[in-house]
Amino acid sequence: MGKYVFSFRVPADYAPGAGTAAEWQAWFAGLGSALVDVGNAVTDHASIGEVGGGSRMVAYSVVSAEDMDSALALAKDCPVMRAGGGVEVGPVMEAAGS
């Protein structure tokens, strides 16, 4: 099993709705033991370089999955997808000795 970071991105003009927190809580609960670190919301943002115009990072989480395809399968029902956003998924490279 490897660890994968999910970077949740939303349209630049995104504003959460009344049911947003409950929707996220339900999705996280559905991840079960695959959820290694629920992560945190990102309350402000800045960027350098090319990060995909028109969107911004809103939160991150870390999950455990067999491979990239399995990690993508976990991400596919993320609430951010219904808000017109997306999930960037990348494997975590563990530092030597950790």
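From a predicted model like this one, the values you see are computed outputs, not experimental measurements.
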Practice problem: Decide yes or no on side chain to side chain contact (heavy atoms under 4.5 Å, CB included) for Val10 and Arg56, but give the supporting numbers first. | Solution: CA-CA 6 Å; Val10 295; Arg56 62 181 173 87; 3.9 Å; yes
Self-check item: Test log, rule side chain to side chain contact (heavy atoms under 4.5 Å, CB included), inputs Phe6 and Val63
Solution: CA-CA 8 Å; Phe6 286 3; Val63 300; 3.6 Å; yes
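Between Ala65 and Met1, the closest heavy-atom pair is C-SD, 3.5 Å.
Under the 3.5 Å distance criterion, the side-chain polar atoms of Tyr4 are matched with a main-chain donor or acceptor of Met68. Distance alone, capped at 3.5 Å, places no donor-acceptor pair between the Arg9 side chain and the Gly86 backbone.
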Please report, to 0.1 Å, the donor-acceptor pairs under 3.5 Å made by any side chain of residues 24-40, with sequence neighbours excluded.
residue: Asp37; atom: OD1; partner: Gly39; partner atom: N; Å: 2.8
residue: Asn40; atom: ND2; partner: Tyr60; partner atom: OH; Å: 3.2

May I have the list of side-chain donor-acceptor pairs in residues 11-20 shorter than 3.5 Å, sequence neighbours left out?
residue: Thr20; atom: OG1; partner: Gly17; partner atom: N; Å: 2.7
residue: Thr20; atom: OG1; partner: Gly17; partner atom: O; Å: 3.1

Mind listing the side-chain donor-acceptor pairs of residues 76-84 below 3.5 Å, one per line with the distance, residues two or more places apart or on another chain?
residue: Arg82; atom: NE; partner: Glu23; partner atom: OE2; Å: 2.7
residue: Arg82; atom: NH1; partner: Asp77; partner atom: O; Å: 3.4
residue: Arg82; atom: NH2; partner: Glu23; partner atom: OE2; Å: 2.8

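Two residues are said to be in side-chain contact when any heavy atoms from C-beta on lie closer than 4.5 Å; Val42 and Val58 fail this criterion.
Taken to the nearest 0.5 Å, the CG atom of Leu74 stands 9.0 Å off from the OG atom of Ser64.
One hydrophobic cluster, built from ILVMFWY side chains closer than 4.5 Å, holds both Phe8 and Val89.
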